[in-house]
Amino acid sequence: MPEPLVVFLPDEAATRRLARTLAPGLAGGGVVALAGTLGAGKTALARALIRVLTGNPDEEVPSPTFTLVQGYETPQGPLWHFDLYRLSDAAEVVELDWEEAVAGGIVLVEWPERLGPSLPADRLEIALALDAAAGTEARRATLTGHGRWRVRLAGLDLTGLDLRGRP
Ligand SMILES: Nc1ncnc2c1ncn2[C@@H]1O[C@H](COP(=O)(O)OP(=O)(O)O)[C@@H](O)[C@H]1O
Ligand SMILES: [Mg+2]
């Protein structure tokens, strides 16, 4: 099993810092699976990543809860932001251009467990969780590199992040 990395995020500014750290690793495309309960901060982290990757800090990033997918253009190529909460069957992702997205771009996907067998083997998994004991804004992000992301994650410059070792 790949070794997970735990990052403490005391507030939303820390979540934005995490996005800035991760963005260079996504320049060549890749899948980021954003797991965690409702309100954990999946969309907040996706929004921060999209704003870094598009280079537009004011980019409108609605939650794709109802549209299921929202596309963006970035200097590094196309980016797709999926929210699969309302997906009733894993096979339905095909209709959302899932395969095209994974083959050629940057993919941020909330509720990745809905993908079932379509979950890509190469992915950066980020599990977000509330850390109520540390305050209402506190979160913990557990990062796991699967497949090719094992090496990619190890290659990121994590300076400035509050690392908390293993979960
Ligand atoms: N450290 C943090 N990281 C991310 N979101 C935070 C943080 N602290 C507070 N929040 C707030 O928590 C909420 C997270 O909502 P959202 O990102 O939509 O969650 P999800 O997509 O996981 O359901 C937002 O209102 C956001 O402003
Ligand atoms: Mg969300």
Side-chain angles (χ1 to χ4, degrees), residues 1-7 9 12 15-16 18-19 21-56 59-130 139-156 167:
M1 273 297 282
E3 193 78 0
L5 204 73
V6 180
V7 184
L9 306 167
E12 218 170 325
T15 299
R16 290 193 290 271
L18 175 62
T21 299
L22 297 176
L26 282 165
V31 176
V32 180
L34 296 163
T37 53
L38 218 60
K42 302 180 293 298
T43 301
L45 178 56
R47 183 175 292 124
L49 272 167
I50 290 165
R51 287 177 174 166
V52 176
L53 290 162
T54 57
N56 178 7
E59 182 78 51
E60 279 288 331
V61 182
S63 172
T65 314
F66 296 100
T67 54
L68 300 192
V69 60
Q70 186 75 41
Y72 300 85
E73 282 305 324
T74 84
Q76 292 85 11
L79 181 154
W80 283 266
H81 177 198
F82 291 88
D83 180 337
L84 302 180
Y85 187 68
R86 284 166 186 275
L87 195 76
S88 43
D89 189 291
E92 271 179 34
V93 282
V94 177
E95 290 155 39
L96 303 172
D97 295 328
W98 172 256
E99 273 144 38
E100 184 199 341
V102 171
I106 302 169
V107 175
L108 311 178
V109 54
E110 299 182 42
W111 300 97
E113 47 276 79
R114 297 283 200 275
L115 285 164
S118 297
L119 185 70
D122 293 322
R123 66 188 188 279
L124 173 61
E125 206 157 276
I126 305 180
L128 289 160
L130 296 157
R139 305 286 190 271
R140 256 163 213 265
T142 304
L143 280 60
T144 313
H146 292 275
R148 280 184 228 162
W149 267 101
R150 253 175 115 147
V151 175
R152 266 169 111 167
L153 180 58
L156 288 177

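Keep in mind it's a predicted model, so treat the numbers as computed, not measured.
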Measure across [X] and [Y] and return the closest heavy-atom pair with its distance rounded to 0.1 Å.
X	Y	value
Arg123	Pro120	NH1-O, 2.9 Å
Gln76	Ile106	CB-CD1, 4.3 Å
Gly147	Asp122	CA-OD1, 3.3 Å
Val52	Ala23	CG1-CB, 3.5 Å
Glu73	Thr54	O-CG2, 3.7 Å
Gly25	Arg152	O-NH2, 2.9 Å

Just by modelled atom types, is the [Y] backbone N or O under 3.5 Å from a matching donor or acceptor in the [X] side chain?
X	Y	value
Thr74	Gly77	yes
Arg16	Ala48	no
Lys42	Ala127	no

Inset, instruction - Mind running side-chain contact (heavy atoms from CB on, under 4.5 Å) on Val31 and Val102 for me, showing each step along the way? - result: CA-CA 7 Å; Val31 176; Val102 171; 4.2 Å; yes

Inset, instruction - Using distance alone, with no hydrogens and no angle criterion, decide if Thr43 and Glu110 have a side-chain donor and acceptor under 3.5 Å apart. - result: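 Glu110 and Thr43 do have a side-chain donor-acceptor pair below 3.5 Å.
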
Taking the side chain as every heavy atom from C-beta outward, state whether [X] and [Y] have any atom pair closer than 4.5 Å.
X	Y	answer
His81	Val61	yes
Val109	Trp98	yes
Trp80	Leu108	no

Legend entry - Aromatic ring pairing Trp111/Tyr85, orientation class (parallel under 30°, perpendicular over 60°, tilted between): tilted

Legend entry - Distance in Å, Gln70 CD paired with Thr65 OG1, rounded so as to fall on 0.5 Å steps: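 The CD atom of Gln70 sits 10.5 Å away from the OG1 atom of Thr65.
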
Inset, instruction - Quick one: pull up CZ in Arg150 and NE2 in His146 and give me the separation to the nearest 0.5 Å. - result: 9.5 Å

Legend entry - Test side-chain contact (heavy atoms from CB on, under 4.5 Å) applied to Val94 and Leu96, step by step: CA-CA 5 Å; Val94 177; Leu96 303 172; over 6 Å; no

Inset, instruction - Run the numbers on Asp83 and Leu68 for side-chain contact (heavy atoms from CB on, under 4.5 Å), then give the verdict. - result: CA-CA 5 Å; Asp83 180 337; Leu68 300 192; 5.8 Å; no

